[in-house]
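Step one of this worksheet: look at the structure below.
The figures here come from the full heavy-atom set of this structure, side chains too, leaving out hydrogens, waters and symmetry mates.
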Amino acid sequence: MSTIAIIDYGMGNLRSVAKAIEHVAQGYEVIITADPAQVLAAERVVFPGQGAMPDCMRELDARGLRPAVLEAARSKPFLGICIGQQMLFEHSEEGDVPGLGVFKGQVRRFPADKMVAADGARLKVPHMGWNEVWQKQAHPLWANIPDGSRFYYVHSYYVDPADPAIVAASTDYGIPFTGAVAQANIFAIQFHPEKSAQAGLQLLANFVAWKP
Amino acid sequence: MLAKRIIPCLDVSAGRVVKGVNFVELRDAGDPVEIARRYDAQGADEITFLDITASSDARNIILHVVEQVAEQVFIPLTVGGGVRTVDDVRRLLNAGADKVSINTAAVNNPQVVEDAAGKVGSQCIVVAIDAKQVAPGKWEVFTHGGRNRTGLDAIEWAQKVASLGAGEILLTSMDRDGTKNGFDLGLTRAVSDAVSIPVIASGGVGNLDHLADGVSLGRADAVLAASIFHFGDHTVREAKEVMRARGIEVRL
């Protein structure tokens, strides 16, 4: 049976991600693993993340997973989620740490001076809840997902790619920010598909079926 | 635009939903999994479980409930009630909760908020604040269901827990809880304006307009209610339609 590996570097609970993927991935074995060999043997790889990016980077390296993640990001259908998306970039303002540098660009905090709604109310940070995801390019992972569908976000930082061509979705929260990026075999999202009800399950099903 | 959230809250004791949830055609009115699925199908934006298990022997049952719900319901799940230590937080998150709410333990030891947020991230930490009005424009934090005074000013306490790393505040008016007279909008507005993190309004919902008032007048980011949904009077979807008719952004 082909496997989908969810990379476990000790930051937070991966059970919800695993259960949501199992829900849509019939015929696959879904594993949560910290073993680089299992990551490299998997057909597809999911790179999640929770908490603070400096801790995530440290724990990833403490487990010797960096080479396996970079190899998977080079060669396999690869889904980055939340901090797992942010870590693909060069640098984060959170803790002023370098990321993996798969994509050029920065991870930035929502700017305090722009956190004002149209009616003058203060926009809270973290950006928490269901917001509209506007698709910026046609992509197999958007199949059967209407443009502007709401997904569940919870984050205080967002990615700011140097290359606008990789932007796959945008969401508005005080400012327009990048909600998804795509390039070749990589699709990476800031929102949480495992917590986004039907739209989220559809996106995960699309990832399982994806042949980049 | 970000949608305002509607969050049904279920009281759970020893693994069973209590306070008489009364959906039509529900096979087992006490089954948290079945009720959570029903709310998910109605379009609930999140679900909150409040564990009110009295017996310490039965306290671990909530972990099993959380595991089962998290396997079948793919929206965010918050769990609170009796959470005292960072270990308690971790166990609930590992079982599948997305957020854990801390109430009395935060009052007794504010350090637990900072420690928990440092370990698992602010996005997972909700601080629940139970407040009663003590003077015009002034509210005090209470614990133990409104019995114990803490001497803490609710607005200052909200700012304090936000600075310690709480990611969200669940604000309950003990004056309104159970009255069906609507949220304490003064309290909600005062706290929401005082902090930069999201605030969930709770306590007193008696009709769907109360939910909309919490957002439009109280400036809450989310509204939490129990009985109005449990007894089958209204669905979450109906609540959202009322909110949308009043110009509030919702997920429908």
Side-chain angles (χ1 to χ4, degrees), chain A residues 11-24 49-53 55-56 82-83 94 110 112 115 117-132 148-157 171-174 192-204, chain B residues 1-7 40-41 43-46 66-77 90-99 117-124 126 162 165-169 192-200 215-216 219-222 247 249-252:
Chain A
M11 290 296 295
N13 167 48
L14 304 178
R15 200 182 148 84
S16 299
V17 179
K19 290 294 168 191
I21 295 172
E22 279 175 11
H23 199 77
V24 298
Q50 265 188 12
M53 184 159 145
D55 298 336
C56 290
C82 193
I83 310 290
E94 185 176 21
F110 283 112
M115 292 293 101
D119 64 359
R122 171 165 20 175
L123 295 175
K124 305 301 183 72
V125 177
H127 172 226
M128 184 185 288
W130 300 78
N131 206 335
E132 291 150 318
S149 292
R150 290 182 186 276
F151 287 83
Y152 189 82
Y153 279 100
V154 48
H155 63 125
S156 300
Y157 295 80
T171 290
D172 294 324
Y173 193 63
H192 288 269
E194 76 280 12
K195 290 293 158 188
S196 295
Q198 196 49 47
L201 294 174
Q202 181 67 55
L203 186 138
L204 292 172
Chain B
M1 234 170 101
L2 183 65
K4 300 296 180 180
R5 290 167 281 152
I6 294 184
I7 308 173
D40 178 20
D45 296 308
E46 299 182 16
V66 171
E67 282 176 5
Q68 286 185 306
V69 172
E71 281 179 16
Q72 300 181 46
V73 179
F74 301 107
I75 59 175
L77 175 63
R90 292 194 92 127
R91 287 189 307 152
L92 286 164
L93 294 177
N94 285 336
D98 299 288
K99 302 186 244 184
K119 279 281 181 209
V120 302
S122 290
Q123 78 285 349
C124 297
V126 181
E168 194 172 36
I169 287 169
S192 192
D193 284 351
V195 297
S196 62
I197 57 176
V199 172
I200 306 167
V215 170
S216 58
R219 286 197 177 174
D221 301 281
E249 190 86 7
V250 290
R251 177 178 73 108
L252 265 173

Worked check of side chain to side chain contact (heavy atoms under 4.5 Å, CB included) between Tyr173(A) and Met1(B):
CA-CA 7 Å; Tyr173(A) 193 63; Met1(B) 234 170 101; over 6 Å; no
Residue part contacting chain A, namely of Ala117(B), when any heavy atom lies under 4.5 Å
neither
Looking only at heavy atoms, which two atoms of Pro198(B) and Pro126(A) are closest? And how far apart?
CG-O, 3.8 Å
Glu132(A) versus chain B, the contacting section by heavy-atom distance below 4.5 Å
both
Counting only non-hydrogen atoms closer than 4.5 Å, does Ala52(A) touch chain B with its backbone (N, CA, C, O), its side chain (CB onward), both, or neither?
neither
Of all heavy-atom pairs linking Val125(A) and Ile197(B), the shortest is O-CG2, 3.6 Å
Taking every non-hydrogen pair under 4.5 Å, which of Gly118(B), Gly43(B), Gly121(B), Pro76(B) racks up the most with chain A?
Pro76(B)
Partner set under side chain to side chain contact (heavy atoms under 4.5 Å, CB included) for Arg91(B), not counting sequence neighbours
Asn60(B), Leu63(B), Asp88(B)
Which one of Val195(B), Asp221(B), Leu93(B) has the most heavy-atom pairs closer than 4.5 Å to chain A?
Val195(B)
Minimum heavy-atom distance Glu194(A)-Phe74(B), with the two atoms named:
O-CB, 3.5 Å
Is it the side chain or the backbone of His127(A) that comes within 4.5 Å of chain B heavy atoms, both, or neither?
side chain
Check this for me, if you would: do Lys124(A) and Glu168(B) make a salt bridge, where the nitrogen-to-carboxylate-oxygen distance has to be below 4.0 angstrom?
no
Of all heavy-atom pairs linking Cys124(B) and Gln50(A), the shortest is SG-OE1, 4.4 Å
All salt bridge (charged side-chain N to carboxylate O under 4.0 Å, His left out) counterparts of Arg251(B), not counting sequence neighbours:
Asp45(B)
Would you check, one step at a time, whether the test side chain to side chain contact (heavy atoms under 4.5 Å, CB included) holds for Glu71(B) with Arg15(A)?
CA-CA 8 Å; Glu71(B) 281 179 16; Arg15(A) 200 182 148 84; 2.6 Å; yes
Under 4.5 Å from a heavy atom of chain A, the part of Asn94(B) involved
both
What part of Leu201(A) is in contact with chain B, defined as an atom under 4.5 angstrom from a non-hydrogen atom: side chain, backbone, both or neither?
side chain
Answer whether the closest heavy-atom distance between the side chains of Gln72(B) and His23(A) falls below 4.5 Å.
no
Option in Gly200(A), Ala197(A), Ala117(A), Ala118(A) with maximal non-hydrogen atom pairs under 4.5 Å from chain B
Ala197(A)
So which heavy atom on Leu2(B) is nearest to which on Gly129(A), and how close?
CD1-C, 3.6 Å
Just so I understand: if I count every heavy-atom pair under 4.5 Å between each of Val73(B), Asp40(B), Val120(B), Asp98(B) and chain A, which residue has the most?
Asp98(B)
Highest number of heavy-atom pairs under 4.5 Å with chain A among Glu249(B), Lys4(B), Lys119(B) belongs to Glu249(B)
With a 4.5 angstrom heavy-atom cut-off, could you sort out which part of Ser122(B) is near chain A: side chain, backbone, both or neither?
neither
May I ask you to say whether Arg122(A) pairs ionically with Asp193(B), meaning some side-chain N is under 4.0 Å from a carboxylate O?
no
Region of Glu67(B) that comes under 4.5 Å of a non-hydrogen atom in chain A:
both
Identify the heavy atoms of Lys19(A) and Ala70(B) that sit nearest to each other, and give their distance.
CB-O, 4.2 Å
Could you walk me through whether Ile75(B) and Trp130(A) pass the side chain to side chain contact (heavy atoms under 4.5 Å, CB included) check?
CA-CA 10 Å; Ile75(B) 59 175; Trp130(A) 300 78; 3.9 Å; yes
